[in-house]
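One structure is given below, encoded as structure tokens.
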Amino acid sequence: MPELPEVETIKSELLPRLVGRQFSQVIILDAKVVRHPSVSQFCQKLAGQRIGNLKRRGKYLLFYLSGAEVLIIHLMMAGALLLNPKQTERYTRAIFQFDDGSQIVFTDRRRLGALWLAENEAIVVGKLGPEPLASDFTAQVLKKWLQGRQAPIKALLLDQSFIAGIGNMYADEALLTAQIHPLKKANNISSKEVKSLHHAIQGVLRSAVGNKGASIDAYIRPGGELGTAHFSFRVAHRGGKPCPICGSTIQRTSLRNRGSYFCPNCQKLS
DNA sequence: CTTGGGACCTGGCTGC
DNA sequence: TGCAGCCAGGTCCCAA
């Protein structure tokens, strides 16, 4: 499931292949994926535009175009962007064709991914909090934000309006590294733990970017390769298996209808 | 404003 | 073998 490291990998691998390319034709096979504007407007306006730059913001991909608009893509859980796939892909929702004959195929098994052509990118990504790997995300910022909050720490880590890019898998990994129980109330977390958590978030995300993302479920890179970050997971999706730190059995609990994996020995609630 | 729950979506898996 | 039901989870929407 694409979170920050997965989207960052996709961006890095598409960037050198797409900058300077001009859209020749855009084909929408599932109208549901286009959020704004209408499907016909979306296709019409994109055709002829050249890609100037490609960036990631949180879990969103932003294509800066020669015109005034920005193409924004969110892959949600099961979306993928495939560069010149050799065979016809199942679950193809959209095809972007370029002037040099290359194409990007947007596939999405669960039909939850989304495309926007936005006049103002802030309408889509304006509410996102800081990038967790950027210099403005400090332990102080994290501490201040957690103060007085009653919600479980993991719920807050998943709030994109505070930190942009952390999802279920990397929240679990960071909380194990910092030895904090996912259900611990944010205002019960000590200053020392906040520092540890801040360090863990950055470490876990940097490591996963280096491993080109985690191929749990549907994540696949533009060239068809998988990421390897999941081989380094210590708790995420490892219910019933031994904790690599202490050997205790990793447990699964439910938070906001999401699976949360944790080590009952390393991550104590009280 | 904060918090929590459900909806969206569908393939894959488990268990009866 | 067939099928019901759970699981996966990012984001939006709504209610308390």
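In what follows, every chain begins at residue 1, and chains take the letters A, B, ... in the order their sequences are listed.
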#### Entry: Residue pair A:Val105, A:Phe96: steps toward the side-chain contact (heavy atoms from CB on, under 4.5 Å) verdict
CA-CA 6 Å; A:Val105 174; A:Phe96 300 91; over 6 Å; no

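- Between A:Asp217 atom CG and B:dT10 atom P there is a gap of 15 Å when expressed in whole angstrom units.
- Distance alone, capped at 3.5 Å, places no donor-acceptor pair between the A:Arg258 side chain and the A:Ser260 backbone.
- Counting non-hydrogen atoms under 4.0 angstrom, A:Phe162 reaches nothing in the nucleic acid.
- Between A:Lys184 and A:Glu193 there is a salt bridge, with a side-chain nitrogen of the basic residue lying less than 4.0 Å from a carboxylate oxygen of the acidic one.
- Between A:Phe98 and A:Phe23, the ring planes lie tilted relative to each other; the angle falls in the 30° to 60° range.
- Among B:dT3, C:dA8, B:dG6, the nucleotide with an atom closest to any side-chain atom of A:Leu156 is B:dT3.
- If you measure from atom CD of A:Gln147 to atom C1' of B:dC1, you get 17 Å, rounded to the nearest angstrom.
- A salt bridge links A:Arg110 to A:Asp217: one of the charged nitrogens lies within less than 4.0 Å of a carboxylate oxygen.
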### Task
Starting from the C-alpha separation in whole Å, work towards a yes-or-no answer on salt bridge (Lys or Arg N to Asp or Glu O under 4.0 Å) for A:Glu121 and A:Arg57.
CA-CA 11 Å; A:Glu121 68 181 71; A:Arg57 181 77 177 92; over 6 Å; no

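- Salt bridge status for A:Arg90 with A:Asp108: absent, with no side-chain N to carboxylate O gap under 4.0 Å.
- Distances shorter than 4.0 Å separate some side-chain N or O of A:Arg149 from OP1 or OP2 on B:dT3.
- From one end of the helix from B:dT2-C:dA16 to B:dC16-C:dG2 to the other, with five pairs defining each end axis, the axis direction shifts by 50° (rounded to 10°).
- Projected onto DNA chain B by closest heavy-atom contact, A:Gly148 and A:Asn257 fall at different nucleotides, the more 5' of which corresponds to A:Gly148.
- OP1 and OP2 of C:dG9 both lie 4.0 Å or more from every side-chain N or O belonging to A:Tyr219.
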### Query
Is there a salt bridge (Lys or Arg N to Asp or Glu O under 4.0 Å) between A:Asp172 and A:Arg252 once you walk through the steps?
CA-CA 11 Å; A:Asp172 281 355; A:Arg252 179 186 182 278; over 6 Å; no

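- Residue A:Lys32 is in sugar-phosphate contact alone, with no base atom involved, counting any heavy-atom pair closer than 4.0 Å across all strands shown.
- Of the possible donor and acceptor atoms, none in the side chain of A:Asn265 sits under 3.5 Å from a partner among the backbone N and O of A:Ser248.
- One can place CG of A:Asp159 at 12 Å from C1' of B:dC1, the figure rounded to the nearest angstrom.
- Here the P atom of nucleotide C:dA8 and the CG atom of A:Asp108 are 19 Å apart, to the nearest Å.
- Atom-to-atom, CG of A:Asp30 to C1' of B:dT10 comes out at 12 Å; the value is rounded to the nearest Å.
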### Summary
Per-nt protein contacts along nucleotides 10-16 of chain C (heavy atom under 4.0 Å; B base, S backbone sugar-phosphate only, - none) come out as BB-----

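- In this entry the distance linking CZ of A:Arg93 with C1' of B:dG11 reads 11 Å, nearest Å.
- In this structure, A:Tyr91 atom OH and B:dT10 atom C1' are separated by 8 Å, rounded to whole Å.
- A:Trp145 places its CH2 atom 12 Å from the C1' atom of B:dT3, with the value rounded to the nearest Å.
- Residues A:Lys143 and A:Ser191 bring a donor and an acceptor atom of their side chains to less than 3.5 Å of each other.
- Distances were taken from every side-chain heavy atom of A:Gln150 (C-beta onward) to each of B:dT3, B:dG11, B:dG4; the shortest belongs to B:dT3.
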